[in-house]
Every structure is written in C-alpha cells, then in structure tokens.
Amino acid sequence: MLATILIIAFGGAIVSYILGKFSSRLRNYLSALVWITLIGLTSYSFFTTPTTNVFYPGFIGFNLTLRINLLSWLFAITISVIAALSVIFSFNYIRGRERRDFYYLMILLVNASMLGIVLSGDLLLFYIFWEIMSWSAFLLISYSKGKALAAGLKYIVMSIIGSGTMLIGITSLYGNYGTLALEELPTNLATAPPLYLLFIFILFFVAFGIKNAILPFHTWLPPAHSEAPAPFSAILSGMLIKMGTYGIILLFYVISGIKLFLGLSSGVWSFHYILCGLAAVTIVVPTFIAVLQDDAKKLLAWSTIGQAGYIMLGISFGTNLSMAGGIFHFFNHAIFKSLLFLAIGAVEYRTSTRDLNSLGGLIKKMPVAFLATLVGIGGLIGIPLTNGFFSKWLIYKSLILDKQPFLAFAALIGTWGAILYSYKLLHNIFLGQLPEKYRDIKKAPISMRLPLAILSIAVIIFGVLPGLPLNPINKITTSLGFQPLNLGIWGTVSDTGTVNTLNIFLAFVLVSGILWYVFRSGAESPKVSQENSYAAGAPIPEGKYNYTVDFYNPLERMLKPYLKDLIDSFYSWIAEAVKQISTRVRKIYTGYVGTYVMYIIALLAALILVQLGWKIW
Amino acid sequence: MVMTICGIIFSPLIALLSGILMLGVTRKLMARIHWRYGPPLLQPVIDIIKLFYQKAPSHGSLFDFGVILSLTGSIVVLLFLPVGQLAPLSPAGGLLVITYLMLVAPLGVAISGGEAANPNVSIGISRKLILSFGYEVSLVLGILAIMTRYDTISIIKVVEIQQETGWALFSWPLFVSGIAYLLILPAILGIRPFDVVSAPQEISSGPHVEYGGKYLGLTTISHALSEFIAIALFVNLFLGGWGLWGAISNLGNSGLVVFLGVLVFLAKIFLIYILSLTINAVLPRLRVDQAIKFLWKWPAIIAFVGLILAWTV
C-alpha cells in the first residue's frame with residue numbers, strides 16, 4: 001500500500017515528463033490525475049491500521065522501511081491536496097513558458113519526495129527523500145532564471161548546510177546505536193547522556209530549522225518564495241517548509257520523546273524555553289518586516305516566516321494545548337497560505353506584476369481572486385470562523401494559563417501586525433482606484449478559480465467546525481504522550497475557557513440576517529460606479545490618484561531605520577569573505593608548470609626541514 | 001436558559017440605546033463646554049430614523065455587505081461581553097474571543113469602504129490600522145496582565161474575582177495596567193487628541209465618507225456600539241463590572257439584582273465616557289506619527305511594567 005503510493009507518485013512524475021514530449025494536454029491531465037489518485041489512496045490509508053513494513057531489505061546494509069501512522073497521514077493528505085490543486089493551477093499559469101515538461105517533472109518530484117519523507121520509517125530513507133526534495137525544489141525556485149537563480153543559490157547553499165549537519169547526526173546515531181529505524185531509536189536514546197542528546201538536537205534542529213525558516217536560519221525564504229513560480233510558491237510555503245515542522249516533531253517527540261525533550265535543561269536554561277524564545281522572535285520581527293514589503297509575494301514570504309514561528313512556538317512549548325495548536329496551525333497555514341499565494345499568482349498571471357504600488361481596484365475585475373484573498377487573510381489573521389482562529393487560540397490559551405505572558409504577548413502582537421500587512425495586501429491589489437492600464441483585465445481562468453474556491457471553502461469549513469481536523473490531531477498528540485483534549489466538533493470544553501465556534505457562527509448568521517432585513521426595509525439605494533465618489537468639493541482625478549504607494553507611510557518612516565535584516569547581511573558578509581579568500585587562494589594556480597614544480601620543491605624542502613628538526617618519521 | 005434568552009435580546013438593546021444616548025451626550029456636552037446650547041439629547045435617534053428614509057448611492061454588493069458585517073460584528077461582541085450580569089454567550093468564548101471579535105467591525109468598514117475608489121477612505125483606513133497597532137500593544141499587555149494575575153481567560157471569572165478581591169484599578173499591582181488602559185482609551189474611542197481616523201477637516205471623515213442614507217445610519221449605530229464596547233471592556237476588566245463593593249451581590253440572586261447590576265454597569269460606563277469627553281473638548285488633534293510615538297512610549301512602557309509586576313509580584 002505505502003509502496004504503491006510512492007511508486008505512483010514517482011512513476012507519475014517520470015511518465016508525465018515522457019508524455020509531455022508528445023502532448024502537453026495529456027501531460028497536464030495525467031499529472032493532475034496522479035495527485036487526485038494519491039488523495040484517494042492516502043484518504044483510504046486513514047482507515048487502515050498504522051503499519052511499518054520493510055520496503056527494500058539490505059540497501060548498503062540497511063533495511064529501508066516505510067511506515068504510516070496518524071501523524072504522517074495528516075502530513076501526507078495535506079501534501080496530496082495542496083499538490084493536486086497547485087498542479088491544476090499550473091495548467092494556465094505555466095502555459096507559454098519554456099521548459100514545461102521539466103517544470104511538471106520537478107513539481108511532481110518535489111511532492112513525491114515530500115510524501116516519501118513523511119512515509120519513511122527510518123532516517124536513511126528520510127534523508128534520501130529529503131535530498132531529492134531539496135534539489136528538485138532548488139531547480140524549481142531558479143526556474144525563472146535571473147533573480148530567481150540567485151534566490152535558488154541562496155536556498156541550496158543553506159539547504160546543503162542543513163543536510164550536512166543532519167548527515168553528521170544520522171551517522172553519529174548509527175555509530176552509537178547501530179540502528180536508524182524510527183521505532184528503535186527512542187529506546188536507545190532514553191539512556192543517552194544529556195550532552196549527547198543536546199548535540200543530536202542541535203545538529204538536527206539546524207537542518208529542520210533551515211527548512212522551517214526559524215530565525216536565524218530564515219534568510220533563504222523571502223527571495224525563494226517570491227521568485228519561484230506562483231503554484232510552486234504555494235507548495236513551498238504550504239508544505240515544503242512544513243517538512244521542517246515534521247522533522248522537528250519527529251526529532252523532539254518521536255525519536256527522543258516528550259520527557260527527554262522537556263527535561264533537557266541546566267539550571268534556569270531549559271532547552272525548550274530557548275526554542276520558545278527563538279520562536280517568539282521569529283513571530284515578531286518578520287511580521288514587522290512584512291509590513292514594509294512592496295512585493296506581494298515577498299510580503300507573504302515574510303508572513304510565512306512569522307506563521308512558522310507560531311507553529312514552532314506551539315510545538316516547542318510542549319503542553320497538550322499548545323502542541324495541538326501547533327500541529328493544527330501547520331494544517332491551517334498550509335491551506336490559507338497556499339490559497340493566498342495562488343490568488344496572488346492569478347493576479348500576477350493577468351496583470352503580469354505583483355508590485356503592490358502599481359496595482360489597485362481589481363475587485364470588480366477579478367471577484368473570485370478577491371474573495372479568495374479576503375478569506376485567506378481572514379485565516380491568516382485568525383478572524384473567528386476562519387481556520388486560523390482556533391489554532392492560534394489554543395496556543396494563546398496554553399501560554400497564558402502556563403504563566404508565560406511575554407510569549408503570549410509576542411504571539412498576540414504578531415497577529416496585530418498581520419492585520420496591517422494583510423489589509424495592505426488586500427487593499428493595494430483589489431480595493432481603491434483601478435489604474436488606467438488594468439481597465440480590460442479579464443477574470444482568472446477556471447483552472448485557477450477552482451483551486452481558489454476549494455481552498456477558500458476549506459478555510460471556512462475548518463473555521464466553523466475545527467473539530468474535524470482536531471480529532472485526528474488530538475489522537476496524534478495523545479500518541480506522542482500528551483493528555484487528550486476534551487473536544488467537540490465545534491471546539492473545546494474545559495473549565496478554564498471554552499470556545500464554541502458553532503455558537504459564534506449561529507450568532508453571526510442570526511444577527512446579520514436581522515440586519516439584512518432592516519437594511520432592505522430602508523430607502524432603496526441606486527448603484528453607482530466605483531469612481532463616482534464624494535470628496536468634499538475637491539474632485540478626484542479618475543485613475544490617477546491611487547493611495548497605495550507607502551500605504552503605512554507614518555509607520556514605515558518610524559520602523560524602517562530599525563528593521564534591517566542583520567542576519568542576512570551577516571551571512572552575505574560571510575559569503576563575500578569566503579569569495580575573497582577563495583579568489584586569493586585561486587591565485588596560486590598560475591598555470592605555469594614552473595610554479596607548480598616550485599611548489600613541489602618547496603613542500604619537499606619543508607618536509608625535509610621538519611624531519612631534520614623533529615625526526616617525526 | 002431564560003437568562004440566556006433575556007441576555008441575547010436585552011444585551012444588544014441596552015448597548016444600542018446607551019450607545020446612541022452617548023452620541024447625544026457627546027454633542028450636548030461639547031456644546032456646553034464650548035458655551036453653545038447644543039442639540040436635544042435625542043437628536044442622534046432622530047437623525048438615524050431620518051437617514052433610513054433617505055436615498056443613498058451604493059457602490060456594489062460588497063459595499064452593502066461590509067456595512068452589515070461591521071454592525072453584525074459589534075452586536076456579536078455584545079453577546080460575548082458581559083453587560084452587567086447579562087452575558088448570554090460568554091460561556092462559549094473568553095476574553096481572547098472578544099478581542100478577536102472586536103476586529104470584525106473595523107474590518108467590515110474597511111472592505112466596504114474599499115469598494116469605492118475614494119482616496120479619503122484609503123487614507124482613513126490606513127490611519128485606523130496604524131493607530132490601532134499603536135494602542136493594541138498596551139491593550140494586549142493590559143489584558144494579559146489581568147489574565148495572568150487572575151489566572152483565567154474567562155471574562156466572567158475576571159468580574160467574579162473582582163467582586164471578592166476589589167476592583168482591579170484600585171488593587172496592587174493591576175492599577176499600573178489600568179492607568180495604561182486609561183491613557184490609550186481616547187485612542188480606542190477615536191476621540192481627540194487621537195481623532196486622526198475620521199478627521200473631518202482633513203479627509204472628510206475618512207472611512208465613512210462614502211456613506212449616506214441607511215449606510216450612514218448603520219455605521220453610526222456601529223460606531224456608537226464600538227464606543228460602548230471599548231468602555232464596557234474597561235469596566236469589566238478594571239472597574240469590577242456590575243459590582244458596587246458588594247452592595248448589589250449581597251441582595252441575593254433575583255431579577256432585581258440583574259436590573260440593578262446593569263444600572264451600575266451603565267453608570268460606570270457613562271462616568272468614564274464623560275471623563276474622556278472632557279479631554280476630547282480641550283485638546284487639539286495629533287498627527288498620526290505623533291500619535292503612534294506617544295502610544296508606543298508612555299502607555300506601552302507603563303503597561304509593560306504592569307505586566308511584569310502582575311507576573312512576578
């Protein structure tokens with residue numbers, strides 16, 4: 001069953017590449033069909049019992065195993081859905097670009113390898129899929145060439161550093177315990193000395209932190225997200241960085257276990273509180289930077305880092321509420337952030353720009369994209385009745401009741417910052433005045449509107465009925481060793497604070513119904529155009545006066561001097577220094593044989609000198 | 001059950017009447033301070049009824065929907081926020097839900113106004129968001145101080161605990177947070193010196209510039225309700241809600257007590273409102289950058305100290 005899923009996923013990628021040489025239409029249909037089939041197969045595997053089976057015995061002395069449990073199932077189903085929708089979205093988006101077969105091959109490969117990561121039952125297979133994912137993602141990020149190539153390079157360099165530390169960790173684990181199976185490691189690590197545990201945690205955390213864009217490993221993310229093709233940005237932000245989240249859950253709660261993770265401390269310094277602090281910084285600073293962005297996708301990219309901070313905060317805080325909140329927020333973020341990236345992609349497809357300073361007033365031209373963005377930012381902010389609300393609420397509640405008000409403050413302020421940048425996104429694209437050149441914009445094609453509609457509906461459904469995804473999540477956290485939550489389909493029950501989204505929903509429906517009736521019974525209102533507006537006696541020049549540039553001017557003027565990405569500058573400085581040193585080192589290769597002979601003679605002379613002086617050999 | 005149904009019906013009604021009365025009081029009081037006679041106290045009621053019979057242009061369905069959403073948001077908040085002892089839906093959500101629901105009303109106006117291509121609306125909303133980012137820092141710190149100190153996220157519990165231990169505004173160390181809240185209250189209410197959002201002389205009342213007729217009527221009601229909510233939250237958090245030093249809770253538990261509780265609650269609201277109006281009457285308007293500089297300096301520092309004290313003491 002698991003092997004079938006992977007064979008279909010990888011086989012589909014290769015077959016669709018070959019098929020693309022004959023017919024692009026067939027290739028498109030096949031790649032969508034592959035992922036729709038995979039949605040079906042993964043949904044079906046929900047009803048089968050959790051299994052682990054050896055899939056390839058004796059690969060360089062290891063048994064490669066595949067396994068599925070509820071945790072990997074949740075990730076797998078999210079991957080499949082986002083992948084299928086992004087592939088459908090790509091139909092039109094990528095039409096007319098070059099190297100389309102390559103694009104489809106890579107986008108299918110990246111998703112297949114992510115499925116492989118969550119389904120693998122030992123660290124070696126995990127690592128193999130991890131590398132396939134990293135490299136195919138690199139090829140996709142740099143797909144558009146130009147700026148994208150630099151972005152991709154930044155990504156792959158950091159990715160390689162992460163893979164390197166992870167490989168050291170894996171070899172160290174194997175050297176000490178002789179096994180890499182996820183099921184055998186916990187018993188072995190239970191007796192490990194704390195310092196060794198810390199060593200392993202840091203090695204793996206660097207790898208997963210880079211993927212998950214935790215500060216200070218975030219610098220690859222903004223250029224990569226904004227330069228990648230929009231459907232892939234959706235996957236990148238929705239799922240690919242969540243592989244870091246998956247890895248972190250695996251590391252802290254599966255491989256080592258909750259007791260070891262929360263117990264790792266020395267004096268007042270507790271490892272998981274340090275991670276919480278890191279996560280809090282990851283929420284606040286990128287949120288402020290996002291407010292200053294003028295590129296729609298860059299804004300969303302910074303917002304992704306901030307939201308990854310919430311997930312990280314929930315997971316590393318380590319109570320049953322925060323853990324459920326963290327996993328739930330990963331799920332919600334995958335939905336609403338892919339939705340937002342796809343909506344921006346649709347706008348970019350029609351207007352061929354994503355510059356927030358030059359767009360505006362597209363609401364009547366692209367209504368579906370507008371509604372999708374509205375719902376998406378609702379989820380991002382966490383307005384009640386959208387999905388982001390409940391996951392954030394769980395995290396806040398856990399932080400407050402566990403007496404960590406400053407972490408809670410960081411989380412809450414991150415949300416209020418999110419209001420600012422998400423309204424900027426909505427307003428500067430869809431509201432306000434419509435520039436002259438976008439008068440004849442058509443709405444997005446159906447292959448783009450369909451994914452937008454599906455994801456928007458998902459945001460609302462999981463907002464009104466958070467119990468649907470929370471029930472499996474509750475089982476996951478219970479299986480990781482947490483106390484179960486008392487859940488209903490509409491929220492939680494407890495004596496310290498309850499949420500009932502169904503009541504909120506009914507209140508909204510009832511009140512707005514009454515108000516609609518009151519509204520209708522008032523005097524009728526003639527419809528006028530967008531431009532027919534009142535300006536207190538000073539006429540507004542049509543299509544020429546658009547309040548989008550520097551939308552938050554007074555705030556930006558205040559914040560800009562303080563918000564430089566120092567970490568990015570630091571890394572760039574290191575890169576520059578390495579380049580300089582390499583240039584110097586390169587000068588020894590002069591190309592003259594004489595110089596090389598001289599080097600050899602000098603080396604021999606030095607060796608003889610050493611031997612004469614110290615008699616080592 | 002009866003109490004819940006009574007709450008669902010009366011809580012928004014009480015808020016509606018007092019909110020509109022507050023608008024009337026504003027005009028009368030401002031006039032008296034300025035040595036004018038001023039309109040009758042019920043002028044806003046007359047205005048709103050009149051507005052419903054006036055024709056007004058609409059820019060499209062989102063324009064209509066946003067206005068309704070905004071008022072819906074305010075009314076739904078009132079079902080969760082205790083008005084005296086009436087708190088029909090409070091068991092279904094706590095303080096965090098209330099703070100989130102309070103976002104719906106401004107968001108409704110923002111998306112409704114955005115459908116009209118009027119730069120004044122955009123400027124107004126931009127200012128509104130900046131200003132609220134300014135005061136939310138202190139507001140969140142204050143709410144967190146209360147929640148940390150009383151170890152609950154339920155607003156009903158917060159009111160109950162204050163019946164036993166005294167009002168938060170007059171108790172150590174929460175009074176520090178209370179002072180910060182009082183400092184940002186004019187900004188939450190959008191009155192001078194923080195009336196940058198409407199600023200009639202600069203941007204012709206900003207987000208509301210496009211509204212006439214029933215739209216203006218509904219947004220006026222929404223505005224009145226949000227003033228009521230802002231002060232009601234303060235009264236619940238820091239002034240002991242419906243409590244009067246045990247004078248009411250000693251009477252037992254009957255309909256009369258609920259009625260008296262609501263009266264005391266409203267009295268506190270009007271007291272705070274009139275105090276803020278006296279500030280409104282004498283101060284000029286700040287620029288938005290001056291406003292945010294002030295808000296991120298004194299109230300934020302005091303609120304931060306308040307949270308540290310509430311956490312450690």
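The chains referred to below are lettered A, B, ... by the order of the sequence lines, with proteins before strands, and numbering in each begins at 1.
- Note: B/P57 leads B/P57, B/S132, B/G217, B/G134 in heavy-atom pairs under 4.5 Å with chain A.
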Working for side-chain contact (heavy atoms from CB on, under 4.5 Å), residues B/I125 and A/L431: CA-CA 12 Å; B/I125 293 166; A/L431 304 177; over 6 Å; no

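- Using a 4.5 Å cut-off between heavy atoms, B/I308 contacts chain A through both its backbone and its side chain.
- With a 4.5 Å cut-off on non-hydrogen atoms, B/A110 touches chain A through its backbone and its side chain both.
- Most heavy-atom pairs under 4.5 Å with chain A: of the set B/L62, B/L107, B/L79, this distinction falls to B/L62.
- When each of B/L96, B/I153, B/L144 is checked for a side chain to side chain contact (heavy atoms under 4.5 Å, CB included) with A/Y396, only B/L96 meets the rule.
- By number of non-hydrogen pairs under 4.5 angstrom with chain A, the leading residue of B/V121, B/V76, B/I292, B/I111 is B/V76.
- Within 6.0 Å of atom CZ in B/F10, 12 or fewer heavy atoms from other residues, nucleotides or ligands are found, so the atom counts as exposed in its surroundings.
- When heavy atoms are compared at a cutoff of 4.5 Å, B/Y215 approaches chain A solely by way of its side chain, counted from C-beta outward.
- Distance CZ/B/R149 to NZ/A/K403: 8.0 Å, rounded to 0.5 Å.
- When each of A/A507, A/P405, A/P554 is scored by its heavy-atom pairs under 4.5 Å with chain B, the top score falls to A/P405.
- Among A/K364, A/K392, A/K424, the residue making the largest number of heavy-atom pairs under 4.5 Å with chain B is A/K364.
- Once rounded to the nearest 0.5 Å, the distance linking CG of A/L401 with OG1 of B/T152 reads 7.5 Å.
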Verdict with reasoning, A/V291 to B/F133, per side-chain contact (heavy atoms from CB on, under 4.5 Å): CA-CA 12 Å; A/V291 176; B/F133 199 33; 5.5 Å; no

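- Counting heavy-atom pairs under 4.5 Å between each of A/M558, A/Q404, A/R557 and chain B puts A/M558 at the top.
- Atom CG in A/D402 sits 11.5 Å away from atom OG1 in B/T148 (nearest 0.5 Å).
- For the atom pair CD of B/E136 and CG of A/L420, the computed distance is 10.5 Å after rounding to the nearest 0.5 Å.
- Between A/W416 and B/Y100, the ring planes lie tilted relative to each other; the angle falls in the 30° to 60° range.
- Looking at heavy atoms from C-beta onward, B/I75 lies out of side-chain contact with A/I514 at the 4.5 angstrom threshold.
- Of the two parts of B/V137, the backbone and the side chain both hold a non-hydrogen atom closer than 4.5 Å to a non-hydrogen atom of chain A.
- Here the CD1-CG distance, from A/I413 to B/L139, works out to 9.0 Å after rounding to the nearest 0.5 Å.
- For the options B/I130, B/L69, B/D289, heavy-atom pairs under 4.5 Å to chain A are most numerous at B/I130.
- Atom OH of A/Y273 sits in a crowded spot, with more than 12 heavy atoms from other residues, nucleotides or ligands closer than 6.0 Å.
- Checked against the 6.0 Å centroid criterion, the rings of A/F406 and B/W311 qualify as a close aromatic pair.
- Interface remark: B/E210 contributes side-chain atoms only to the contact with chain A (heavy atom separation under 4.5 Å).
- Counting heavy-atom pairs closer than 4.5 Å to chain B, the top residue among A/I363, A/L385, A/L510 is A/I363.
- No part of A/S521 comes within reach of chain B, as not one of its non-hydrogen atoms sits under 4.5 angstrom from that chain.
- Counting heavy-atom pairs closer than 4.5 Å to chain A, the top residue among B/G73, B/G213, B/S122, B/P12 is B/S122.
- Under a cut-off of 6.0 angstrom, the local environment of NZ in A/K527 is crowded, with over 12 non-hydrogen atoms contributed by other residues, nucleotides or ligands.
- A donor-acceptor pair is defined here as one N or O able to donate and one able to accept, closer than 3.5 Å; such a pair exists between the side chain of B/S126 and the backbone of A/F551.
- Top candidate by heavy-atom pairs under 4.5 Å with chain A, chosen from B/V288, B/L218, B/L103, B/N120, is B/L103.
- For the atom pair CG of B/L141 and CZ of A/F409, the computed distance is 4.0 Å after rounding to the nearest 0.5 Å.
- Heavy-atom distances place no part of A/F430 under 4.5 Å from chain B, backbone and side chain included.
- Put simply, of A/S512, A/G417, A/G378, the one with the most heavy-atom pairs under 4.5 Å next to chain B is A/S512.
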